[in-house]
Number of protein chains: 2
Amino acid sequence: MAMKDKKPKRDLSVQIAEAIKDAIISGQLIVDERLPSEAELSLKFGVSRPTVREALKRLAAQNLIRTQRGATGGAFVNRIRFEEAYGQQITTSTLLLSMNEVDFETACEARFMLERACVTLSAQRRTDDQLATMRAEIHRQAQPGLSDEAFCASDVAFHRALVDGADNPVLSYQLAGAVEAIEPLMNMVTFTARNRARIVELHTQIANAIENHDSSAADQALADLAAYSVELAHDVREARQSRKKTTAPAAS
Amino acid sequence: MAMKDKKPKRDLSVQIAEAIKDAIISGQLIVDERLPSEAELSLKFGVSRPTVREALKRLAAQNLIRTQRGATGGAFVNRIRFEEAYGQQITTSTLLLSMNEVDFETACEARFMLERACVTLSAQRRTDDQLATMRAEIHRQAQPGLSDEAFCASDVAFHRALVDGADNPVLSYQLAGAVEAIEPLMNMVTFTARNRARIVELHTQIANAIENHDSSAADQALADLAAYSVELAHDVREARQSRKKTTAPAAS
DNA sequence: CATTTTTCATTTGTCAGACATTTAAAAGTC
DNA sequence: GACTTTTAAATGTCTGACAAATGAAAAATG
């Protein structure tokens, strides 16, 4: 006898949320279309209004619908925009990393490999405005009194401009998660003046290559930056481990 | 006077959900930690239990928590796993594409640029098992009686194996969205025998390059496949437009 | 008639209390 | 000790109600 191994008994609000979600994905419900009112949905699914509401809240949390109060209010199918999708992407990526499923090297490798996929296009398509942003961030990074957090934030802004230079929102969307999610890990690094000088140097190489529409030079500079980031993280980890040995010895 | 433009009045369940979410992201609540019961949360936030429940359902929809009934039950912080994150990623990517925010060329470009970021690593690290999977899918794709859907599914499986060859879960996670989300668009293409032969040929080139650990050859073959995909989609669009002209003439 | 104001019905947001169901631990039984 | 029963705690669901928002219709006003 075939067992239905996935559905011992699923919560009603989950079932309802999935039914509506499928209707949206399959196109039965189109963008900006109004769903039936909660009372109508209660009748339709044969459940109480709180249950329907929990289902709708699940969908709202995924940005699939928005709700509006008032006479002509209700729940409407949401057009998912990149801005909102960014947020979800960043949250998920951040948690995936912070929950120890991924070590720094792996995340860093993924981030730079993805970014290298962009620079080829960025070298071809970058606008003067995006280039100016990159230059401005480099200039900021070279200033002496900058805090580590501000340095990292500028680093993110630099790479954001670099990625946006590819002029492909799908790439920007994907990279947003990869670049920003790694920022907290980067923030644990204490950058020495020498580290910063090297990073600024590499950033300048990238900007120069982008300015000259030189894809391969940009790719090479980014590869160097990737290697240097891993190296830095490696040093940090070693320093931490030696500190650990000092505080908790006899771990052979 | 400075207006608080973002917070005219946010719903209580949203506020509570965000408070808990921040606690999770900031590490105040760690993985598998139990949240207070719904009754306790009601007291703590000064709201009713249904409101707390709606907040918890929002978090559950984002896979941030799971709930369990019974004496030792409650809401627990979820360890986000790649498998679950895949699902969200694919859903979001699919909707972003299907809601017309993105045209096929853009999505296709992003997908193949990202995939090219993987093949370098795949060429270095692929296991014999992954290579065998790729060969098997190629063999399936070459069979004559295959439906378009099955051909596309095999295409996805092939690229999935290719991506997994990079042995980097973060890359696999990112690519899963890009590759699978585009499948519905690919399914609209009716593949002729000649199309398939060309795709199989390119897949074989990729597999050969991966087998020989030849990164640049793999990259080149994938670039060719990208160009061919865009070409195919272009033909499909033209055919559709000419069909449109036939049914609605006088469009110059 | 045109315009402004008021009223009003609709819909979501929130609350209170209750019962059903599930689950594991505690108590009881052999 | 091993097994069964009871019990308490927690989520899941229901009912009914009121509050708040909001647009539209109705009424008042010029």
Side-chain angles (χ1 to χ4, degrees), chain A residues 3-21 23-24 29 31-78, chain B residues 3-21 23-24 29 31-78:
Chain A
M3 286 287 286
K4 34 183 176 178
D5 42 5
K6 284 262 178 179
K7 306 171 62 168
K9 199 180 292 182
R10 254 142 84 246
D11 290 341
L12 291 175
S13 69
V14 175
Q15 291 180 40
I16 294 169
E18 287 189 354
I20 298 174
K21 180 177 175 180
I24 293 174
L29 293 169
V31 167
D32 291 334
E33 184 173 344
R34 183 180 173 282
L35 273 66
S37 72
E38 295 173 354
E40 290 173 285
L41 289 172
S42 306
L43 285 175
K44 178 175 175 182
F45 288 104
V47 299
S48 66
R49 196 161 82 94
T51 303
V52 167
R53 281 183 61 79
E54 287 181 8
L56 294 179
K57 295 315 147 198
R58 287 177 190 273
L59 299 175
Q62 297 177 279
N63 268 312
L64 287 170
I65 62 170
R66 63 180 182 278
T67 55
Q68 202 177 358
R69 293 217 270 193
T72 60
F76 299 84
V77 178
N78 227 357
Chain B
M3 287 286 287
K4 35 182 178 179
D5 41 8
K6 284 263 178 178
K7 306 172 63 170
K9 201 179 291 180
R10 255 142 82 247
D11 290 342
L12 291 174
S13 69
V14 174
Q15 291 179 40
I16 294 168
E18 286 189 355
I20 298 174
K21 179 178 174 179
I24 293 174
L29 292 168
V31 167
D32 291 335
E33 185 172 344
R34 184 181 172 280
L35 272 67
S37 72
E38 294 174 355
E40 290 174 284
L41 289 173
S42 306
L43 286 175
K44 178 175 175 182
F45 289 104
V47 299
S48 66
R49 196 160 82 94
T51 303
V52 167
R53 281 183 61 80
E54 287 180 7
L56 293 179
K57 295 314 148 199
R58 287 179 191 272
L59 298 174
Q62 297 175 280
N63 268 314
L64 288 171
I65 62 170
R66 64 180 181 278
T67 55
Q68 202 175 358
R69 294 219 272 192
T72 60
F76 299 84
V77 178
N78 228 356

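Heavy atoms only: backbone and side chains are in, while hydrogens, waters and symmetry mates are out.
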Inset, instruction - Flag the pair A/I20 / A/L35 as yes when at least one side-chain heavy-atom distance between them is below 4.5 Å, and no otherwise. - result: yes
Inset, instruction - Mind checking A/R34 for me? I need base, sugar-phosphate or nothing, with any heavy atom below 4.0 Å counting as a touch. - result: sugar-phosphate
Inset, instruction - Output yes when at least one side-chain N/O atom of B/T72 is less than 4.0 Å from OP1 or OP2 of C/dA24, else no. - result: no
Legend entry - Rounded distance (Å) that lies between atom C1' of D/dA9 and atom CZ of B/R69: 13 Å
Legend entry - Taking every non-hydrogen atom, the tightest pair across A/P36 and A/L41: O-CD1, 3.6 Å
Inset, instruction - Please answer whether the main-chain N or O of B/G73 pairs with a side-chain N or O of B/R34 as donor and acceptor at a distance below 3.5 Å. - result: yes
Inset, instruction - Calculate the interatomic distance between A/E38 atom CD and D/dC18 atom P; express it in whole Å. - result: 18 Å
Legend entry - 5′-ward residue of the pair A/V47/B/A75 relative to DNA chain D: B/A75
Inset, instruction - Please round to the nearest 0.5 Å and tell me the distance separating atom OG1 of A/T67 and atom CG of A/L59. - result: 11.0 Å
Legend entry - N/O donor-acceptor pair under 3.5 Å between A/E38 side chain and A/V52 backbone: no
Legend entry - Atom-pair distance (CG on B/D11; P on D/dT22), nearest Å: 11 Å
Inset, instruction - Output the single nucleotide from D/dT13, C/dA16, D/dG23 whose closest atom is nearest the side chain of B/P50. - result: C/dA16
Legend entry - Between D/dA9 (P) and B/Q68 (CD): distance, integer Å: 17 Å
Legend entry - Spacing of B/R53 atom CZ and A/K57 atom NZ [to the nearest 0.5 Å]: 14.0 Å
Inset, instruction - Look at A/S37 and C/dT10 and indicate whether a side-chain polar atom (N or O) is within less than 4.0 Å of OP1 or OP2. - result: no
Legend entry - side-chain N/O A/K57 vs C/dG13 OP1/OP2, d < 4.0 Å: yes
Inset, instruction - To the nearest Å, give me how far apart CD (B/E54) and P (D/dT11) are. - result: 16 Å
Inset, instruction - Quick one: pull up CG in B/N78 and CG in B/N63 and give me the separation to the nearest 0.5 Å. - result: 6.0 Å
Inset, instruction - Please state whether the base of D/dT13 and the side chain of B/R49 form at least one donor-acceptor pair under 3.5 Å? - result: yes
Inset, instruction - Provide, to the nearest angstrom, the distance between the CG atom belonging to A/L41 and the P atom belonging to C/dT10. - result: 17 Å
Inset, instruction - Check whether any side-chain N or O of B/T51 sits under 4.0 Å from OP1 or OP2 of C/dC15, and answer yes or no. - result: yes
Inset, instruction - Considering just the side-chain nitrogens and oxygens of B/R53, establish if one lies under 4.0 Å of OP1 or OP2 belonging to D/dT11. - result: no
Inset, instruction - Using atom CD1 of A/I16 as one end and atom C1' of D/dC14 as the other, report the distance to the nearest whole Å. - result: 13 Å
Legend entry - Backbone N/O of A/V77 and side chain of A/R66: donor-acceptor pair under 3.5 Å: yes
Inset, instruction - Send over the distance from B/R10 CZ to D/dA20 C1', rounded to a whole Å. - result: 18 Å
Below 3.5 Å between N/O atoms, which protein atoms pair up with nucleotides 4-6 of chain D? Just atom names and distances, please.
none

Inset, instruction - For B/L12, report the nucleic acid contact type (base, sugar-phosphate, nothing); a contact means any heavy atom under 4.0 Å. - result: sugar-phosphate
